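One structure is given below, encoded as structure tokens.
The shown structure was predicted, so the numbers you read here are calculated from the model rather than taken from an experiment. Naming convention: chains lettered A, B, ... in sequence-line order (proteins, then strands); numbering from 1 in each chain.
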Amino acid sequence: MNMNNRVVVTGLGIVASNACGIVEFSDAIKNGKSGIKHVGELERLNFSCQVAGIPDYANETNLHLLEKYHLLEAGMNIKYSVIAAHEAWLDAGLPVPEINGTNVNNDTGVVIGSGVGNIDVFTDRIIPMIDKGKVRKLRSHIAEFTMFSAASANLEWIFALGNQVSSNSSACSTGTESLIMGAERIISGKAKRMIVGACEIPSPYVWGCFDSMRILSKGFNNVPEKASRPMSASASGFVPAAGAGILILEEYNTAINRGAKIYGEIIGTALNSGGQRNGGTMQAPGSIGVQKCISEAIKNARINRNDIDLICGHLSSTMADPLEIKNWTEVLQLKGELFPFVNSLKSITGHGLGAAGILEIIAAFVQLDQQFIHPSLNCEDIHPEISKLISPQKIPNKYIDDVNLNIIAKASFGFGDLNSCVIISKIK
Amino acid sequence: MKSDNEIQKEIIQIIEKYAFDKSKVQNASAKSNIIADLKINSARIVDIILDIEEKYDIEIDDDDIPKMITVEDAVNIIKKEIQN
């Protein structure tokens, strides 16, 4: 394996609950603009958690784009992914191929993941039609809208990609994992460029699975923007959210030679699981596996433990938050004032499930590029187990722009005791 | 009963929805091959059939679908079903 290929990020695109488009998203996260709202349907369906983060994607530009590719009737994952990927592709300064062109871009591939896939197409169309005996009327797009690789395959078509075209899934680690898989493809020399990312639909059928576990936020249904409370003493569960995030990863020389703008570099990655042993379960991460993953990423990045300026945490507003901070303090061997800054995008957007990791990595690159740290909302009442370990000053409740951010760490922890960690850096 | 020309126009309007190069469809003639000339993805023929069935309140036999190669073929299939 060629260890010399460096991986940089040349384009970003996003559909998030609090903003569509990177410019709007940057502004929204900087100012702590929440995307979490009360959802009438969840109240009607007797959910304990009646708030969620649902993107408002259907502006004229996005609808026009979807119409161009005949995707106005597609499932939500395809729609979100196409909108975000188109933004990222243009952001990277790359030309959008003609639909009926003949050139295939053999150096570029795509990995778009999802936690649960295209459930909406089943619930909204397939199940009702088939149960009525109307399978003939499902129309021809239905198979290509439901397959798990639907988003990836549509991006392959739109951008005429000739390299790997895949979809990954690893629960709440999916988004971070998609980036790692794309990066590894480039490092191996098998691709020069990878579109990576993840998407997750808004659906009561998905969210109900977590509501039934009693792990969604409760008690904040009339104050939605306060419902997602990572690291807070009054956190009562996570707030579900939908959306998609896409990055264009590129081999360093390829990017430099075409004069691409570079947001930063992926300098270290690690993927592992805890085996659901030694404290790890299907639902909760085990510390040994978590710490091993973070340590490996740091070693892979060839940095020192105290080089990390900011941790963009997994921090989902659940009982696992204090343990996550404890794990970070133990791996970094830093506490109190010496601990890096830490924030959670989930406090602003909610938990995007399979898409969460990638939305958070995009937020990390935005902060790195624009040199600010976004606030972590709703933890004025920091959990006592956390304030024992780190200084409250390290959890910003307003943005901080008097910073020199060089290295940011991002980790995701998914059901199945799955861990992923990415270290990013300003380009040198 | 609509004229052949009227039916042809309506079919072209239906087909155009599935075209990426609309100009090819707008310039279509009776002899235009739906897949080869109008560049319609063969998978979408099923959708064109469903649209035709809905518009003319007819049912087209699955066996007739592969016979619908040109615009003229579509007109003739529709006329046959309307008369039945």
Side-chain angles (χ1 to χ4, degrees), chain A residues 62-75 78-79 82-83 85-86 89 95-105 118 121 124-126 128-130 132-147 149-161 165, chain B residues 10-29 31-71 73-75 77-78 80-82 84:
Chain A
N62 290 340
L63 292 177
H64 186 71
L65 174 67
L66 294 173
E67 199 199 4
K68 174 181 174 184
Y69 294 107
H70 294 191
L71 292 173
L72 284 172
E73 303 297 314
I78 292 175
K79 289 188 190 176
V82 166
I83 291 166
H86 194 262
W89 191 262
V96 176
E98 291 296 316
I99 290 173
N100 292 317
T102 55
N103 284 342
V104 173
N105 189 332
N118 304 306
V121 185
D124 298 352
R125 270 176 262 187
I126 297 176
M129 290 282 255
I130 290 186
K132 280 185 221 163
K134 291 186 174 178
V135 62
R136 267 186 110 250
K137 301 232 187 264
L138 276 171
R139 294 186 166 265
S140 71
H141 282 92
I142 209 76
E144 66 215 56
F145 284 170
T146 54
M147 59 191 192
S149 53
S152 296
N154 273 281
L155 296 186
E156 174 227 339
W157 166 57
I158 290 170
F159 299 113
L161 306 180
V165 175
Chain B
E10 286 172 353
I11 288 172
I12 287 174
Q13 267 183 342
I14 289 173
I15 293 174
E16 196 182 340
K17 282 178 1 190
Y18 302 98
F20 287 103
D21 185 349
K22 308 248 184 242
S23 64
K24 283 207 159 62
V25 181
Q26 282 150 11
N27 295 324
S29 67
K31 301 286 180 197
S32 296
N33 181 310
I34 296 172
I35 294 171
D37 298 329
L38 307 185
K39 304 287 182 215
I40 301 298
N41 183 330
S42 59
R44 307 304 169 225
I45 300 293
V46 162
D47 302 313
I48 294 170
I49 296 284
L50 282 169
D51 287 350
I52 289 173
E53 287 183 341
E54 271 166 40
K55 186 171 180 68
Y56 297 99
D57 195 22
I58 54 177
E59 239 184 74
I60 296 177
D61 207 62
D62 279 355
D63 290 338
D64 280 338
I65 296 177
K67 295 178 193 163
M68 201 175 81
I69 298 175
T70 64
V71 172
D73 293 336
V75 173
I77 288 169
I78 290 167
K80 183 183 87 168
E81 293 304 330
I82 288 175
N84 283 349

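Among the candidates Arg136(A), Glu144(A), His70(A), the residue making the largest number of heavy-atom pairs closer than 4.5 Å to chain B is His70(A).
Among residues two or more places apart in sequence or in another chain, the salt bridge (charged side-chain N to carboxylate O under 4.0 Å, His left out) test is passed with Lys137(A) by none. Here Phe159(A) pairs with Trp89(A) under the ring-ring contact (aromatic ring centres under 6.0 Å, His included) rule; sequence neighbours left out.
Of residues 38-54 of chain B, those residues lying under 4.5 Å from chain A by any heavy-atom pair are Ala43(B), Arg44(B), Val46(B), Asp47(B), Leu50(B), Asp51(B), Glu53(B), Glu54(B). Of residues 56-69 of chain B, those residues with a non-hydrogen atom less than 4.5 Å from any non-hydrogen atom of chain A are, in numerical order, Ile60(B), Asp62(B).
Rounding to the nearest 0.5 angstrom, the gap separating the CZ atom in Phe20(B) from the CD atom in Glu98(A) is 12.5 Å.
Heavy atoms from other residues, nucleotides or ligands lying under 6.0 Å from NZ of Lys22(B) number more than 12.
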